[in-house]
Amino acid sequence: MKSFAWSVLAAFALLASALAAKVPVSSLRNAKTPGNVVPNRFIIELSAPLGNTKRDGASRETHEVLYSQMRKRSVSFQVDREFNSPGLFVGASVTLKDANDRNEIASMPGVQAIHPVHLVAPPKPVVSHVVTGVNDAAVPADTESTHIITGVDKLHAQGITGKGIKVGIIDTGIDFTHPDLGGGIGPGFKIIGGFDFVGDAFNGSNTPVPDPSPLDQCNGHGTHVAGIIGANPGNAFNISGVAFDASLTSYRIFGCTGGTPTDIIVEALLRGVSDGQDILTMSLGGPDGWTEDSASVLSSRISDMGKIVTIAAGNDGADGMFFTSGPGNALDAISVASLDNTVIPLQNATVVGVQHDPVTYFDALPLPITQTLPIFATSTDTTVADDACDALPDSTPDLSKFIVIVRRGTCTFVQKLTNIAAKGGTVSLIYDNGSGFDDIDVGNFTSALIQADDGVFLVQQFAAGKNVSLSFPQSGASTQFPDPTGGLISTFTSYGPTNDMFFKPAVAAPGGNILSTFPVPLGSFAVLSGTSMATPFIAGVSALLFGLKGNSPAVGRGARDLFETTAQLVASSKTDGDPLQTVAQQGAGLVNAFQALTTNIIISPGELLTNDTANFVSLHNFKITNNGKTSESFKISHVPAGTALSLQTGTSFFNDGPVPLSTNFASIKFSETSLTVHPGQTQQITAHITAPTGVDPSLLPVFSGFIQVESATETFHVTYLGVASALKDAQVVDDTDAFFGVNLPVLTDPAGDFLTNATNFTFVGEDVPSLLMRLAFGTAQLRADLVDPSEKIATTLNKRGAPEELSFPSAAAGSAAAIKTVGSLFELDFQPRNTDENDGTEFNLFEFDTPTFANGSTIPNGSYKLLLRALKVTGDPTNEADFESWLSPVIGVQVPSS
Ligand SMILES: *[C@@H]1O[C@H](CO)[C@@H](O)[C@H](O)[C@H]1NC(C)=O
Ligand SMILES: *[C@@H]1O[C@H](CO)[C@@H](O)[C@H](O)[C@H]1NC(C)=O
Ligand SMILES: *[C@@H]1O[C@H](CO)[C@@H](O)[C@H](O)[C@H]1NC(C)=O
Ligand SMILES: *[C@@H]1O[C@H](CO)[C@@H](O)[C@H](O)[C@H]1NC(C)=O
Ligand SMILES: *[C@@H]1O[C@H](CO)[C@@H](O)[C@H](O)[C@H]1NC(C)=O
Ligand SMILES: *[C@@H]1O[C@H](CO)[C@@H](O)[C@H](O)[C@H]1NC(C)=O
Ligand SMILES: *[C@@H]1O[C@H](CO)[C@@H](O)[C@H](O)[C@H]1NC(C)=O
Ligand SMILES: *[C@@H]1O[C@H](CO)[C@@H](O)[C@H](O)[C@H]1NC(C)=O
Ligand SMILES: *[C@@H]1O[C@H](CO)[C@@H](O)[C@H](O)[C@H]1NC(C)=O
């Protein structure tokens, strides 16, 4: 985008080891930006009505006052959307010609906040498997198991089904033609209404084309989400939604493919409120780490109104601690973690001809084979590494009358199946080459994975000349395969806390291996995994809560505490003696819907946050209220969870998930360890929390656990969390050579040379500089300015030689503003950290493609240095000492006169 002073690019990383000194900038480019910022687009929030508010449509005038102020100050802009929900959110999303006008706008009277628009990636389930059409009379057990482990089955048995409660689903739309979702839309249907804000063709960057119908028959995510809340019982697959009598509304904000900008999320949330939804649920988000984004702020305010807002915690567990998703980190909303279902619904094949137990294959529904067919093994060697990776030998018989048994390994499954198909084979079972058992990609072919032992047995029988056949019962052969990780938090769940130590996720629900509805043209049912699947589960439980207790703001405001204090603690592994999972990933535990809705005991708050050691809050109170008819006695005790070691020893790099846990726990003293609370009474307990000792503060050890409150019949807990270090000590900007073989940050030219000395640029064609950098931790402020090369500035990162270290006066006394700069190149706030993945999220590349400052003014020809500054977490933006800084070699701006 040549019209902007700079553009931000992040791209495919090249691992340090593989990297020579040159990284052509073109190879670093792709469309991503840090935090997926949409260049030059902002959401402006206005405070109290501006201007003359007497007439009707006062807020409308508020907008006009803003625009005329902007025009008066020569801000060049275009209005994209207007928001007009007084008391909740009044403002507009705009495109600015010059991104730096944001500072001008921020200083205008009546402007409460201005935040960049982010692009939120499309929902991406972790495992995706479309069930292909055959009816099975037997019950696939998964959905039932998810209801049982959370007590939803017991609520259903009492007739609690969410009747009369309105749930708004902000997602990819819904296939409302699905018979198990009521087969229609409008009054009288389960799906009572909706709106499509974008249209099928929207991909996140083209123009949305709204229409009244939220029908989705191309993506499917929202239909799966809708089924988890509301699928009618008694369907062919014997699944039901958590709140199957609730009324659903579909707000479609994603097209068939691609992401969506946060201003559309804001618009959908406001629409949900004005439509009178009791609950709004969003199975979406992207890495953020901060709580300030517009969609997060608005979600939190809607929660404060007494509606329940449930938001996915994110599927970035592999990236380790402090990697929360926005808007899931909305302060007062409910961020939802995923728990792996205890069982996976799979199918059995029957072995005929020899005595053997049924063979379980990895498919939720039977393969559509009605004949009993003999087996054929493509190799009789049960250790062959590359079975059927090459064309099968001429001696191979016509395989069309066989079930082909083939070993996993070396080439893709589709490659093997293609070679088998070349010999007429149409049905194959692939046996694992180790201990794996999973859903595999078999393309169009009729095939599934079986376990290694079963495959070896079958091949040995074949090799021994036994007449072995297999049959695939079309009903009654579904089996509840115990999920080895069942009952644990799904490893993909994003870890909290937020960068400023807020507690995310709040609570967990089943989200791994979930069977639910899918658009009819895409197969009607699918098994998906993700926090996307856990989130609607909590929305469903919320509907049951409102249905039972009434949909009052008081019930809504108390919901998160209630779910948190009644949740079930989750272990970190199945190994005895391992600690409980850090609450930074499990939240307060697995939701216990039955206890939450039926208990007479109310405990609040649900979360005690000690913050970091520099801002430590040791003393916390919580209250126990007895709304029952009999006195209750309680015992108070401490149940710690594992202390999560965020960083790799000796580095500023985060550990990947699963994050290692230490058993150095916090300690807690209580004002009482036993007490009796009489009917109608409330009692307060004080807890004095001390951070763990024996942990290395440089690893950012996040400690957490539970204060257990136990009566004779029920167990509750209050969850605590803190970090045993001062976050201000944590490095924000990566200054190592670990990723690029050169110390970062670094300037590059388009040829990929790292610039280590003075370089002139003409800004003609590709003769422009770029800044390559990584954020090791999030930062609330990242800015680049040009400074006079003779300016003496004390920097903190990769200082090269003495001169600039000597005598900057401000380190002790000064503020950021005290540094004399020539002009700003960019300023970004609330940036997430980079990852160590090879997918474009592991670094930031800022290409300065025109010789202009961020405010659009021309950079005069001359010599400059680039000063990069990043505010440390918990740092004070007015104190220069709270920034990390780096100064570039001299950049000569030598634009030829024309
Ligand atoms: C559906 O599941 C319920 C609860 O497990 C069971 O009682 C019922 O028999 C199942 N229905 C069918 C058709 O299998
Ligand atoms: C979005 O669609 C438009 C056409 O409508 C196309 O030009 C653009 O490249 C697409 N963007 C992405 C990210 O797919
Ligand atoms: C399926 O097969 C497994 C393994 O042989 C067996 O344990 C299970 O009982 C079978 N279930 C059904 C429903 O056939
Ligand atoms: C199984 O095959 C896969 C794919 O070729 C390979 O990555 C893996 O190492 C193999 N496992 C064993 C135990 O041989
Ligand atoms: C699936 O099969 C159809 C024809 O049966 C073929 O056109 C298509 O390319 C196949 N797709 C894949 C992914 O193999
Ligand atoms: C193999 O078993 C099948 C099914 O049990 C039977 O139909 C077939 O005749 C048998 N073939 C031989 C060669 O025994
Ligand atoms: C922790 O302290 C910092 C610095 O005062 C503050 O910004 C942040 O909001 C605090 N976090 C919590 C959870 O209180
Ligand atoms: C400037 O940098 C280039 C490439 O890094 C190098 O070849 C050259 O010797 C350097 N010049 C000086 C004066 O250091
Ligand atoms: C940059 O251009 C200026 C002006 O032409 C010249 O004095 C200076 O030597 C050049 N610097 C480099 C490193 O080429």
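All ligand and atom numbering here is 1-based and tracks the order in the structure.
None of Ile603, Thr719, Ile685, Leu608 except one satisfies the side-chain contact (heavy atoms from CB on, under 4.5 Å) rule with Ile707; the exception is Leu608.
In this structure, atom 2 (O) of ligand 9 is in close contact with the protein, since a protein heavy atom lies within 4.0 Å of it.
Residue contacts with ligand 9: Thr759 is placed with no nitrogen or oxygen under 3.5 Å of a nitrogen or oxygen of the ligand (distance criterion only).
Taking the six-membered ring for Trp and thresholds of 30 and 60 degrees, Phe654 and Phe322 have ring planes more than 60 degrees apart, a perpendicular arrangement.
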Requested in this report: Determine, stepwise, if the pair Glu607 / Arg560 fulfils salt bridge (charged side-chain N to carboxylate O under 4.0 Å, His left out).
Outcome: CA-CA 10 Å; Glu607 312 167 353; Arg560 189 171 77 183; 3.4 Å; yes

Query raised in the report: For Arg869 and Asp785, what are the C-alpha separation, side-chain angles and deciding distance, and is it a salt bridge (charged side-chain N to carboxylate O under 4.0 Å, His left out)?
Result: CA-CA 8 Å; Arg869 283 174 288 179; Asp785 298 274; 3.0 Å; yes

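Distance from atom 7 (O) of ligand 7 to its nearest protein heavy atom, with residue and atom name: Asp500 CB, 4.6 Å. Atom 9 (O) of ligand 9 has its closest protein heavy atom at Asn760 ND2, 4.7 Å.
Ligand 2 has Ser205 within reach: a non-hydrogen atom of the residue lies less than 4.0 Å from it.
Counting atoms of ligand 9 from 1 in the listed order, those under 4.0 Å from a heavy atom of Ala758 are 13 (C). In the vicinity of Met501, heavy-atom distances shorter than 4.0 Å reach the ligand 7 atoms 13 (C). The ligand atoms of ligand 9 that sit less than 4.0 angstrom from a heavy atom of Gln894 are 2 (O), 3 (C), 4 (C).
The closest non-hydrogen atom to atom 6 (C) of ligand 7, taken over Leu721, Asn611, Thr874, Asn615, comes from Asn611. Checking Thr257, Asn203, Asn206, Thr207 against atom 8 (C) of ligand 2, the nearest heavy atom belongs to Asn203.
Considering only heavy atoms from C-beta on, Val732 stays 4.5 Å or farther from Leu871 through its side chain. Under the 4.5 Å side-chain criterion, counting only non-hydrogen atoms from C-beta, Leu747 is not in contact with Phe761. Annotation: side chain of Arg81 is in contact with side chain of Ile264 (closest heavy-atom distance under 4.5 Å).
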